[in-house]
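As the structure lists them, so they are numbered: ligands from 1, and atoms in each ligand from 1. Counting begins at 1 with the first residue of the sequence. What's counted below: heavy atoms across the whole structure, side chains too, no hydrogens, waters or symmetry copies.
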Amino acid sequence: MTNRRSVLTGLAALGAAAPLAARPAPAKGAMIVSTWDFGAAANDAAFAAMKAGGSLLDAVEAGAKVPEADPANHSVGYSGYPDRDGHVTLDAVIMDDAGGVGAVAALEDTIHAISVARRVMERTPHTLLVGEGATRFARDQGFTTRNLLTPEAEQAWRDWLKTAHYSPAANSETGTYGGPRHVTPGGALDHDTIGLLARDRAGRMAGACTTSGMAFKMRGRVGDSPQVGAGLYVERGIGGATSTGLGEEVTRVSGTARVVASMRAGLSPQKACEEVVRHIARLRGDAIKGVQVGFLALDPRGDVGAFCLLPGFTYAVTDATGRTSVLTAPSLFAA
Ligand code: ASP
């Protein structure tokens, strides 16, 4: 027979109720976190959207659109570095904490991949559209055609072509796999992703993640960013996580789903991020030498966690007053 006690015991066994009850009191008001230092400007836009009465989805979408439109940012949206055939292709996902998900992968000729992802969520029965179908859907939805390849990004690609080992391996920021030599993990020219997580006063949450992926990637390559449970995962009452870095290493362990599962089992966002990074390191050994992977997590109480493989992963935190700080995540390995 099911009574109240056995239901509670069952929830506790699943890790759903007890761990959160043991944590400190919830933060007051809204909170936004995002990956990398350029996340600070994104957080400001997300905060402004919430202040204007927008929903959590409005907030994370508004935030993600900032680096997507920034010509100086070669890792997200407009002016992203192209694939190795010279096409800029975008990956994005948006998610609320009630199972709402929309994503696009290998989207072309459209600046705001995150907004197209939101349309997938709100106007189709699907969760992910890819390639030509995603691009056609964007046109059908009224998103204007825009050439995303700027002269600067094209030049970087042409320079890369001169020296690249044209082998069927993913590029990485370290150059280990034939990627650009002038960029370093976490550096200003690195090809990073923006992942945002937002919570409101009531502890409800949403997230967004958008990227042009790895510079000079194989045509058709899709990283972790648009994949639910890899680049982004949000669960009501538990929290959310987002990732950046070499997407293949995140995808192979369903990285953000793992972070949130650890939080469900009682780990703090910080410990949960550390757990998945250690797991990747154990699993991959020498294969991840010189590779950057970073995770950022937020729970409904406003606890934040961040951890990465190599030094250099920064993240931006905006509190309920709108004050933004850029912090550096601890790393498993030294430089
Ligand atoms: N995670 C992204 C990808 O693999 C790239 C990055 O964050 O640097 O596409």
Side-chain angles (χ1 to χ4, degrees), residues 34-39 42 64 67-68 73-77 79-84 87-93 103-107 113-114 117 128 130 153 156 169-180 182-197 207-233 241-257 259 273 276-277 280 284 287-288 290-296 306-316 329 331:
S34 63
T35 54
W36 303 106
D37 50 359
F38 59 79
E68 280 184 343
N73 188 322
H74 296 299
S75 59
V76 181
S79 192
Y81 286 138
D83 65 18
R84 63 190 196 182
H87 305 274
V88 180
T89 67
L90 307 182
D91 298 338
V93 63
V104 287
L107 175 75
I114 199 65
L128 171 64
V130 306
N171 297 300
S172 99
E173 54 259 272
T174 59
T176 313
Y177 301 94
H182 60 288
V183 290
T184 51
L189 293 172
D190 203 350
H191 26 90
D192 309 314
T193 296
I194 185 150
L196 290 117
L197 300 163
C209 185
T210 181
T211 189
S212 52
M214 310 212 70
F216 321 131
K217 60 197 174 186
M218 285 180 72
R219 181 135 180 87
R221 180 265 187 188
V222 173
D224 55 329
S225 307
Q227 300 192 55
V228 174
L232 180 71
Y233 198 70
T242 188
S243 61
T244 184
L246 184 57
E248 281 71 6
E249 301 306 337
V250 177
T251 301
R252 71 176 87 247
V253 299
S254 299
T256 57
V259 171
C273 290
V276 71
V277 169
I280 291 169
R284 300 285 290 150
I288 49 107
V291 163
Q292 179 64 300
V293 170
F295 289 90
L296 176 64
F307 200 65
C308 52
L309 279 170
L310 295 174
F313 172 42
T314 54
Y315 61 102
S331 61

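- Heavy atoms only, all atoms of each residue included: Ala306 and Leu296 are closest at CB-CD1, 4.0 Å.
- Counting only non-hydrogen atoms, the option in Gly245, Gly247, Gly294 that gets closest to atom 1 (N) of ligand 1 is Gly245.
- Between Phe216 and Tyr81, the ring planes lie tilted relative to each other; the angle falls in the 30° to 60° range.
- Close contacts of ligand 1 with Ser225, meaning ligand atoms under 4.0 Å from a residue heavy atom, involve 1 (N), 2 (C).
- Evaluated for a side-chain contact (heavy atoms from CB on, under 4.5 Å) with Phe295, the options Thr35, Ile280, Thr244, Thr242 yield exactly one hit, Ile280.
- In Met214, the parts holding a heavy atom less than 4.0 Å from any atom of ligand 1 are both the side chain and the backbone.
- Residue contacts with ligand 1: Glu248 is placed with no nitrogen or oxygen under 3.5 Å of a nitrogen or oxygen of the ligand (distance criterion only).
- Judged by distance alone, with hydrogens and angles left aside, the side-chain atoms of Ser243 form a donor-acceptor pair with the main-chain N or O of Ala230 at under 3.5 Å.
- Checking only distances, Thr211 never comes within under 3.5 Å of ligand 1, N or O to N or O.
- Under a 4.0 Å criterion applied to the non-hydrogen atoms of Gly213, ligand 1 contributes the atoms 9 (O).
- Distances between N or O atoms of Arg221 and those of ligand 1 include at least one value under 3.5 Å.
- Under a 3.5 Å cut-off, the side chain of Glu249 and the backbone N or O of Ile288 do not form any donor-acceptor pair.
- Looking at heavy atoms from C-beta onward, Arg219 lies in side-chain contact with Thr89 at the 4.5 angstrom threshold.
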